[in-house]
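Here is the structure we will look at.
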Amino acid sequence: MITFSCRHPVRFALLFTLVVTLARAAVAPSMSSWQVGTGREIITPPAGVWMTGYAARSRPADGTAQDLWVKALAFADPVGQRGVLITLDLCGITQEITARVCAQLEKKHQLSRAAVMINVSHTHCSPWFEGSIIGLRILPAEGLTKADAYRRDLEQKIVRAADYALSHLAPATIAWGEDSASFGVNRRENPEKEIPARRAAGTLRGPSDPRVPVLAVHDASGALTALLVSYACHNTTLSFYQWHGDYAGCAQAELEKRHPGATVLFALGCGADINPNPRGTVELAQQHGLTLADAADRALARPMTRIEGKFSAAAEEITLTYAHRPSKEQILEAQQKEQPNREMHQAWAAAMNDQIKTHGEIPLTHAYPIQAWRLGNLAWAALGGEVVVDYALRLRAENQGPLWVFGYSNDVMAYIPSERVLAEGRYEGDTSMIPYGRPGPWTAGIEEKIVTKSHELLSRTQTR
Ligand SMILES: [Zn+2]
């Protein structure tokens, strides 16, 4: 306990002034503080664009139930090091789109590749575009033309949102906290219809990640101007023919209603083997959105950890390999065989034949992006692909200090199974390579490669 005497009025007055000044400094940003800017654009597709995410969809979207957004959160640390996080209400993103967006931001704002992080919410009520989930379905020519036009427009909007955020940096305080939500359930270990009973009995199986990390930005007047919320769960409450941000869209909308003037962003964690439950209706998407918004508000209501210090970023691509190429007979069989989701298998065969035509043989490598950020003492790792929950749990356990792990970042090329999930196979470890238009499962050793490089990049940010 600290006690102080009032026997010396002058000394007390000085002490009082000091205490008040320190208290103000804790709230109001100073000249040497962080600066933050936000930007946003609606990216809801026009009529006639095809949807992605589910192979069974056999026509373009019917309309819009909720707008899709690109949002950007840009910041500069006290010495002017800048970064921008871009979040998208989309199912996926390709390395080509990310490369073009980053090239434009480098030209306009001299931002390095490592300083730009792009994360998608993986809503399945979003558009298909070139290069993403290419084995899902063969689209008619008109659908391809519209998808191409959408993709061009999307890239401009992503750059505009980031450009606006970077051009409107203003003094701010940044703080973080965490809460939890439990509507995400391991989908490999719990048959959907058994989940309510298992949940009630406390017998749900398999790993999951209930954490809800929250980053809050307040401006010089103390007003909340931005909020970043994350959760590790497939954004697949819905499967209808309307554009919709799903539970992540509902959480963003709800929090923006509760905190007028704040831009709320959602970044998806490592939720590739986690599904929301229950699911199937807009009401349930809203219910999960409210659950997430409540978790964020609980984190906001408690004392948060203020971000001090500097920003640093590191990013690299590592080479991941596919275990084998399909034979000509396997490709032919996929083209001709009567089987469930026949269009999906035909699209996969077409993707394989395209690759043979373009490259002479099907490439067995993919340049896989890994990114690490450090904001003061808070570290972030952003991994490409649909990353299973094992990665977040392992990286956090092995990291010294607080770490948030995002999946679905910078390039969503396929599922990224852990060694355990790869060995077990099934959808996330094997058969999802069909809709993704990939030759076969990843080679064993994938987890160690990704984890080792993640740690290396994280430690590189520490020493800068
Ligand atoms: Zn998925």
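In what follows, every heavy atom counts, from backbone to side chain, and hydrogens, waters and symmetry copies are set aside. Whatever order the structure lists ligands and atoms in, that order sets their numbers, starting from 1.
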The Zn ion (ligand 1) contact by H122, N, O or S atom under 2.8 Å =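 Under 2.8 Å: H122 contacts the Zn ion (ligand 1) through an N, O or S atom.
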
From H124, does some N, O or S atom reach closer than 2.8 Å to the Zn ion (ligand 1)?
-> no

Relative to the ring of W404, is the ring of W380 parallel (under 30°), tilted (30 to 60°) or perpendicular (over 60°)?
-> parallel

Name of whichever N/O/S atom of E386 is nearest to the Zn ion (ligand 1) | OE1

State whether the side chain of T281 and the backbone N or O of L284 hold a donor-acceptor pair below 3.5 Å, judged by distance alone.
-> yes

Please determine, by modelled atom types, if H122 and D246 share a side-chain donor-acceptor pair under 3.5 angstrom.
-> no

Looking from the Zn ion (ligand 1), what is the angle between OH on Y415 and NE2 on H234, to the nearest 10°?
->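 Approximately 80° at the metal, rounded to tens of degrees.
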
With a 4.0 Å cut-off, would you call K71 and E256 a salt bridge?
-> yes

